[in-house]
Q: 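I'd like to ask you about the structure that follows.
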Amino acid sequence: MDSTESAASPRARRSSLVAPAPLPADFYRRPSDTVARELLGARIVSELGGVRVAGEIVETEAYVGPHDAASHAAERFGRTNRNDPMFGVPGTVYVYLIYGMHWCVNVVTDAEEYPAAVLLRAAMPVEGLEVMRERRMGRPDRELMRGPGNLARALAVTGEHNRHVLDRPPLWIAPGREVAIEEVNAGPRIGITQAVDWPLRFWVAGDPHVSKSV
DNA sequence: CTTGAGATGTTT
DNA sequence: AACATCTCAAGA
């Protein structure tokens, strides 16, 4: 580090504005549906693969606890090897493979030892678009991070990153834009067959980066 | 724009 | 046998 650049220098203060501090663990230490709603507008940042990419979250789903039959940690499954990260520390990541080929990124929520999480379903690309276009093979920009499998692909997240703490490189979430409650829509979760009527999917109304707007 | 089928590996 | 999905091709 350069000795001419003290922590109190204007440059240091300015850079802390450009790169806000990651969300603290207490942010995640709340009911899953609350966290899912409040993650809209937050920024997920990845330096996996050596280049920084980032997106503003526009769509999430809450998996709220053992009584949630659609959850990987629903009561009938108990605690297993796969869902164990959901019992972990709030603010860590739970990554799993779906349909044998797509990784999905979840944020662990609520209390430790209580299995709950938020699936990140879509984001608006804001940084590192060139790398994401390569990872997504020439897709239009609005589709780079649209859908949970695509989002993971754009961020280069895989099962290796399971349980990573989301407050530090190479993968973290920081505050982004403030999303007013009037901008938020809620509806049934996608691709599940249990608890289909629970409105636990949240998205930014009208945003073209959302996977499905209904 | 929509619909439908196939890919693919882990979990129960 | 099901699965918290995606892509491509074909049709409207």
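Residue numbers start from 1 in every chain, and the chains themselves are labelled A, B, ... in the order their sequence lines are given, proteins ahead of strands.
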Q: Provide, to the nearest angstrom, the distance between the OH atom belonging to Y99(A) and the P atom belonging to dT7(C).
A: 14 Å
Q: Over all strands shown, is R189(A) touching base, sugar-phosphate only, or nothing at heavy-atom distances under 4.0 angstrom?
A: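 Touches nothing.
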Q: At their closest point, which heavy atom of C104(A) faces which heavy atom of I98(A), and how far apart are they?
A: SG-CG2, 3.7 Å
Q: May I have the distance from M86(A) (atom CE) to dA4(C) (atom P), rounded to whole angstrom?
A: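 In whole Å, dA4(C) P and M86(A) CE are 11 Å from each other.
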Q: Side-chain N or O of R121(A) versus OP1/OP2 of dT5(C): is the shortest distance under 4.0 Å?
A: yes
Q: Looking at every strand, decide which applies to R139(A) at a 4.0 Å heavy-atom threshold: base, sugar-phosphate, or nothing.
A: sugar-phosphate
Q: Contact class for N81(A) vs. all strands (heavy atom < 4.0 Å): base, sugar-phosphate, or nothing?
A: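 Counting heavy atoms under 4.0 Å across all strands, no contact is made by N81(A).
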Q: What is the separation between atom NZ on K212(A) and atom P on dT3(B), rounded to the nearest whole Å?
A: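 The answer, rounded to whole Å, is 10 Å.
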Q: Under 3.5 Å, is there a donor-acceptor pair between the side chain of T109(A) and the main chain of P31(A)?
A: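 Not a single qualifying donor-acceptor pair exists.
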Q: Measure OH/Y94(A) against C1'/dT10(B) and give the value in whole Å, please.
A: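 Distance, rounded to whole Å: 11 Å.
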Q: Ignoring the backbone of L97(A), work out which of dT8(B), dT7(C), dG9(B) is nearest its side chain.
A: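 Among dT8(B), dT7(C), dG9(B), the one nearest the side chain of L97(A) is dG9(B).
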Q: Any chance you could encode DNA chain B as dot-bracket? Rule is Watson-Crick or G-U wobble with both distances under 3.5 Å; [ ] for pairs crossing earlier ones, | for another strand.
A: |||||||.|||.
Q: Looking only at non-hydrogen atoms, find the nearest pair between R133(A) and L144(A) and report the distance.
A: CA-CD2, 4.0 Å
Q: Can you find a side chain N or O atom of H72(A) that sits less than 4.0 Å from OP1 or OP2 on dT11(B)?
A: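 No, outside the criterion.
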Q: With a cut-off of less than 4.0 Å, is there a side-chain N or O of R136(A) near OP1 or OP2 of dT7(C)?
A: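 Indeed, a polar side-chain atom of R136(A) lies that close.
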Q: Output every pair passing side chain to side chain donor-acceptor pair (under 3.5 Å) with a member in residues 182-207 of chain A, not counting sequence neighbours, ordered by first then second residue.
A: E59(A)-R201(A), D68(A)-R189(A), R177(A)-E183(A), D207(A)-H209(A)
Q: Output the rounded distance in Å from CG (D68(A)) to P (dA4(C)).
A: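 In whole Å, dA4(C) P and D68(A) CG are 11 Å from each other.
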Q: Would you mind telling me which of dT7(C), dA7(B), dT5(C) lies closest to the side-chain atoms of P148(A)?
A: dT5(C)
Q: For W103(A) and dT11(B), what is the distance between atoms CH2 and P respectively, to the nearest whole Å?
A: 9 Å
Q: Mind checking if R201(A) touches a base, just sugar-phosphate, or nothing, with heavy atoms under 4.0 Å?
A: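 R201(A): no heavy atom of the nucleic acid under 4.0 Å.
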Q: Once you round it to whole Å, what is the distance between P of dA2(C) and CZ of R76(A)?
A: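 These atoms are roughly 13 Å apart.
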Q: Any side-chain to backbone donor/acceptor pair from R43(A) onto A54(A)? Under 3.5 Å, distance only.
A: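 A pair under 3.5 Å: no.
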Q: Please list all pairs passing the side chain to side chain donor-acceptor pair (under 3.5 Å) test where one or both residues lie in residues 83-98 of chain A, with sequence neighbours left out.
A: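 Qualifying pairs, neighbours excluded: H72(A)-Y94(A), R79(A)-D84(A), T80(A)-N83(A), D84(A)-R163(A).
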Q: Under 4.0 Å between any heavy atoms, over every strand shown, what does I190(A) touch: base, sugar-phosphate, or nothing? Just pick one.
A: sugar-phosphate
Q: Please compare E143(A) and T193(A) by the position of their nearest nucleotide in DNA chain C and report the one closer to 5'.
A: T193(A)
Q: Tell me whether the OP1 or OP2 atom of dT12(B) has a side-chain N or O from T80(A) closer than 4.0 Å.
A: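 It does, given that an N or O in the side chain of T80(A) lies less than 4.0 Å from OP1 or OP2 of dT12(B).
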Q: What is the distance from CZ of R79(A) to P of dT11(B), rounded to the nearest Å?
A: 16 Å
Q: Verify, without hydrogens or angle tests, whether E61(A) (side chain) and I190(A) (backbone) share a donor-acceptor contact under 3.5 angstrom.
A: yes
Q: Taking all non-hydrogen atoms of both residues, which atom of I173(A) and which atom of L120(A) are closest, and how far apart?
A: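 The answer is CD1-CD1, 4.5 Å.
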